[in-house]
Amino acid sequence: MTWSDDSRSPGLAGLRPRLPSPVEDLPDGRFERHGVRLVLKRDDLIHPELVGNKWRKLAPHLAAADGRTLLTFGGAYSNHLRATAAAGRLLGLRTVGVVRGHELGDRPLNPSLARCVADGMRLHFVDRSTYRRKNDPATLAAVLRAAGAEDAYVVPEGGSDARAVRGCRALGEELAGVADVAAVACGTGGTLAGMAAGLGTRARALGIPVLKGGFLQTDVHALQTAAFGGPRGDWSLDDRFHFGGYARTTPELDTFAEDFEHRHGVPVERLYVAKLLYALVSLAAENAFPRGSTVAAVITGRPFPGPATGPTPSP
Ligand SMILES: *Cc1c(COP(=O)(O)O)cnc(C)c1O
């Protein structure tokens, strides 16, 4: 399935996604002095609520769910859970979020989970060991039963499977001819897997993992095999920029992100996009990109709470 197939779903087309997403030149001396042109691929502008790569990954699932309840998985601050909840509200679908951490159910909801609930998502909290085993069919069946959602359409954690990866192929197709290197931050690696396939041999794809562990090479390979039958495109990973792991940060990274927002007026999502941009500035300084090349940074999301989706700021 490709994007154009998905857009036949009247519900999704009615949301008027901005596709292809805009490409913006970003004059920045830290690249220019190495003879490199930086452009931003503004996937964060695809839709104000179904932001960024979450649109590309969820769209094929929303079409396939065909009106059924959507059930998916995520942690306490999952961008994917919020996007799924927002999609449910926008399209009039029931959504169930299975959340990692039983204890979270006994506490006041954090802003991210509160947003999910405000969008109509029903939350079902499970302990970490159940969560880890969620891909085991018996465990999944038990979770669906306990959540009262046995007929639900199940979207995997992070939204990444063959369908989602094929949904991200269009990102690469949109960047072919635009950039020599297309770079994206990676969680599950699904977006990189699809983008690299869409680029084919026309540009190199670079993934910056935000999780520690170095398992992504295997995962991206497996996702491409599931989606396309084998490896596609020319992609690589640089594992040096996770800053300690998922949702971890350092004062240096925070300062970098604030400065980037200040310089360019572009909101910088902190879990993924900040690490990507930091990595690209570092790589330019290492002369990792040939002079004369164009590097595209995929802006996969926007900060939460952010201008479009966050609570109204108090005066
Ligand atoms: C989910 C997410 C990613 C990671 O996408 P994967 O396909 O899981 O690698 C990157 N950036 C942002 C902003 C995200 O929300």
Side-chain angles (χ1 to χ4, degrees), residues 21 40-61 72-87 97 112 115-116 155-172 182-198 205-213 215-224 226-227 235-239 241-243 245-247 249 257 266-280 296-306 308-309:
S21 64
L40 301 186
K41 176 67 169 160
R42 296 294 304 269
D43 266 19
D44 58 319
L45 301 179
I46 291 177
H47 189 276
E49 295 181 78
L50 257 177
V51 179
N53 68 342
K54 298 302 182 276
W55 173 284
R56 297 190 189 269
K57 293 169 73 173
L58 270 176
H61 286 299
T72 193
F73 305 86
Y77 287 94
S78 165
N79 289 346
H80 166 67
L81 273 190
R82 281 203 315 282
T84 305
S112 186
R115 167 51 58 105
C116 292
V155 181
E157 179 180 32
S160 279
D161 64 359
R163 219 189 275 279
V165 168
R166 289 193 294 264
C168 292
R169 194 166 41 186
L171 169 59
V184 69
C186 300
T188 63
T191 306
L192 174 69
M195 180 181 80
L206 172 64
I208 305 298
V210 306
L211 283 86
K212 203 161 80 172
F215 49 81
L216 217 55
Q217 188 80 25
T218 314
D219 288 3
V220 173
H221 193 275
L223 284 166
Q224 287 200 327
W235 59 268
S236 62
L237 299 167
D238 192 326
D239 253 315
F241 302 101
H242 55 68
F243 287 86
Y246 184 72
T249 186
V266 176
V268 175
E269 191 272 349
R270 294 299 202 273
L271 300 184
Y272 294 93
V273 177
K275 294 179 184 180
L276 168 70
L277 294 170
Y278 186 100
L280 292 180
V298 182
I299 307 302
T300 39
R302 56 163 59 238
F304 174 82
T309 57

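When a residue number appears, it is its place in the shown sequence, counting from 1. Keep in mind the model is a prediction, meaning the values are calculated, not measured. We count ligands from 1, going down the list as the structure has it; atoms in each ligand are counted the same way.
Between Gly189 and ligand 1, an N or O atom pair is found at a separation short of 3.5 Å. At a 3.5 angstrom cut-off on N or O pairs, Gly187 counts as close to ligand 1. On a distance-only criterion, Thr191 and ligand 1 share at least one N/O pair closer than 3.5 Å.
Nearest heavy atoms, Ala183 versus Leu280: CB-CD2, 3.8 Å. Listed here is the closest heavy atom pair of Arg166 and Ala226: NH1-O, 4.2 Å.
A cation-pi arrangement is present between Lys54 and Tyr272 under the rule of less than 6.0 angstrom and at most 45 degrees off the ring axis. A cation-pi arrangement is found for Arg82 relative to Phe304, the charged atom lying closer than 6.0 Å to the ring centre and inside a 45° cone about the ring normal.
For Phe241, the ring-ring contact (aromatic ring centres under 6.0 Å, His included) test picks out no residue, with sequence neighbours left out. Residues satisfying the ring-ring contact (aromatic ring centres under 6.0 Å, His included) test with His47, not counting sequence neighbours, are Trp55.
Looking only at heavy atoms of the protein, atom 14 (C) of ligand 1 is closest to Lys54 NZ, 2.9 Å. When only non-hydrogen protein atoms are considered, atom 13 (C) of ligand 1 lies nearest to Thr300 OG1, 3.4 Å. The protein heavy-atom contact nearest to atom 8 (O) of ligand 1 is Thr188 OG1, 2.6 Å.
Listed by number with element, the atoms of ligand 1 under 4.0 Å from a non-hydrogen atom of Ala185 are 10 (C). Of all atoms in ligand 1, listed by their number and element, those nearer than 4.0 Å to a heavy atom of Lys57 are 5 (O), 6 (P), 7 (O), 8 (O). Ligand 1 places these atoms under 4.0 Å from at least one heavy atom of Gly301: 13 (C). Counting atoms of ligand 1 from 1 in the listed order, those under 4.0 Å from a heavy atom of Cys186 are 9 (O).
Within the 4.0 Å heavy-atom criterion, the part of Asn79 lying near ligand 1 is the side chain and not the backbone. Contact annotation for Asn53 and ligand 1: only side-chain heavy atoms (C-beta onward) come within less than 4.0 Å of the ligand.
Contact annotation: the side chain of Pro209 approaches that of Asp239 to within less than 4.5 Å [non-hydrogen atoms, C-beta and beyond].
At a 4.0 Å cut-off, at least one heavy atom of Glu269 sits close enough to ligand 1 to count as contact.
Side-chain contact, Thr300 with Asp43: no donor N or O sits under 3.5 Å from an acceptor N or O. Side-chain atoms of Arg56 and Asn53 form no donor-acceptor pair, as typed in the model, at a separation below 3.5 Å.
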